[in-house]
Amino acid sequence: MLARILAETAGHTSLVALLRAYSRNLGDDQDSLSTTLHVLAQEHPAAAREILLPCAVSDDEDLRRAAIWLLGFVPEPADLNLLAHAAQDSDEGIRSAVVGTLGSHGAEPAAVELLLHLLDDPSPQVRISALSSLGFLQQPRTLLKIRLLANDDNPRVRAWVAITLGRFPALERADPATSTVLDQLAADADPYVRDQASEARQRKPLRS
């Protein structure tokens with residue numbers, strides 16, 4: 001409630017204070033605060049970016065993570081250099097935020113390349129997030145790297161390979177290499193992976 005009142009009375013000048021509040025998850029209503037933040041940023045994109053860019057390279061990891069997340073609501077192509085650097089961060093949460101923000105850049109080649117790079121991330125959750133973003137983008141050139149994760153050690157990652165392949169148009173799913181991977185996942189030792197592979201064969205692709 002205080003965040004909403006502050007945003008309504010102080011406008012974009014309250015962004016730093018609200019971003020710092022959001023960066024500290026105290027178990028309260030983060031969803032409402034995140035909505036307040038992205039609405040405020042989108043109403044004042046230029047002013048928001050002036051505030052967010054310094055925060056995105058702050059020494060404060062929590063603030064850096066929050067700023068990178070919010071940049072996804074006011075993206076500019078120039079952000080890709082910053083995101084490429086952040087994709088190397090030691091903090092898993094920051095790398096996860098990078099994946100989400102890259103999705104705001106659509107099929108921009110540099111953004112897609114960064115997502116492909118993040119498929120090699122040591123964190124299973126980051127790999128899953130990258131798979132999800134690539135599934136929405138449906139870029140045929142990403143299929144080779146996506147298929148390689150069918151051999152991932154983590155069953156959730158393997159399941160997300162199936163989910164991601166299921167988002168591609170039927171023509172790409174019918175490709176012999178992709179079909180072979182789905183067959184492999186359909187015979188996986190993990191029942192959740194098998195279920196997702198089966199659903200992927202029947203799923204209607206997302207609209208691009």
Side-chain angles (χ1 to χ4, degrees), residues 65 68-69 71-73 75-208:
R65 186 185 313 122
I68 289 170
W69 162 76
L71 277 172
F73 293 92
E76 292 286 350
D79 298 342
L80 291 170
N81 287 335
L82 182 154
L83 294 173
H85 181 74
Q88 308 293 327
D89 201 280
S90 60
D91 184 89
E92 176 184 336
I94 288 174
R95 301 195 307 275
S96 291
V98 167
V99 174
T101 297
L102 284 171
S104 303
H105 291 265
E108 172 68 32
V112 175
E113 286 301 320
L114 276 173
L115 286 170
L116 288 172
H117 169 75
L118 286 162
L119 290 180
D120 295 323
D121 194 272
S123 163
Q125 186 54 54
V126 173
R127 298 198 297 277
I128 288 169
S129 297
L131 282 167
S132 178
S133 291
L134 290 168
F136 279 106
L137 293 174
Q138 301 176 28
Q139 296 292 297
R141 69 186 181 90
T142 65
L143 281 167
L144 176 61
K145 190 72 177 282
I146 291 169
R147 291 192 297 252
L148 291 176
L149 267 68
N151 298 310
D152 196 277
D153 291 338
N154 189 292
R156 289 177 59 241
V157 174
R158 298 197 302 275
W160 268 93
V161 171
I163 293 168
T164 300
L165 293 175
R167 290 174 173 171
F168 278 79
L171 185 61
E172 273 81 15
R173 293 206 303 272
D175 176 85
T178 298
S179 184
T180 297
V181 165
L182 286 173
D183 286 343
Q184 173 187 330
L185 294 171
D188 195 274
D190 188 283
Y192 180 63
V193 178
R194 296 197 301 270
D195 288 346
Q196 295 308 312
S198 176
E199 289 183 21
R201 291 215 177 267
Q202 306 169 33
R203 187 176 296 131
K204 292 182 178 179
L206 297 173
R207 291 183 180 274
S208 55

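Sequential numbering from 1 along the given sequence is applied to the chain's residues. When reading the values below, keep in mind they use all heavy atoms of this one structure, side chains included, and skip hydrogens, waters and symmetry mates.
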Quick check against the 3.5 Å criterion: does [X] have a side-chain atom that pairs as donor or acceptor with the backbone of [Y]?
X    : Y    : answer
S133 : A130 : no
D89  : A86  : no
T164 : G135 : no

How close do [X] and [Y] get, counting heavy atoms only, and between which atoms?
X    : Y    : answer
D190 : P155 : OD2-CB, 3.5 Å
L182 : A197 : O-CB, 3.8 Å
R167 : S132 : NH1-O, 3.1 Å

Are [X] and [Y] packed together at the side-chain level, in the sense that at least one heavy-atom pair is separated by less than 4.5 angstrom?
X    : Y    : result
Q184 : N151 : yes
L134 : F168 : no
D188 : R158 : yes
L131 : L149 : yes

Side chain to side chain contact (heavy atoms under 4.5 Å, CB included) partner of S96, the single match among V126, I128, L118
V126
Side chain to side chain contact (heavy atoms under 4.5 Å, CB included) with D183: which residues, sequence neighbours excluded?
S179, R201
Restricting to side chain to side chain contact (heavy atoms under 4.5 Å, CB included), what partner residues turn up for D120, sequence neighbours left out?
K145
Under 3.5 Å side-chain donor-acceptor pair for T178 and R147
yes
Regarding R95 and Q88, is there a side-chain donor-to-acceptor distance under 3.5 Å anywhere?
no
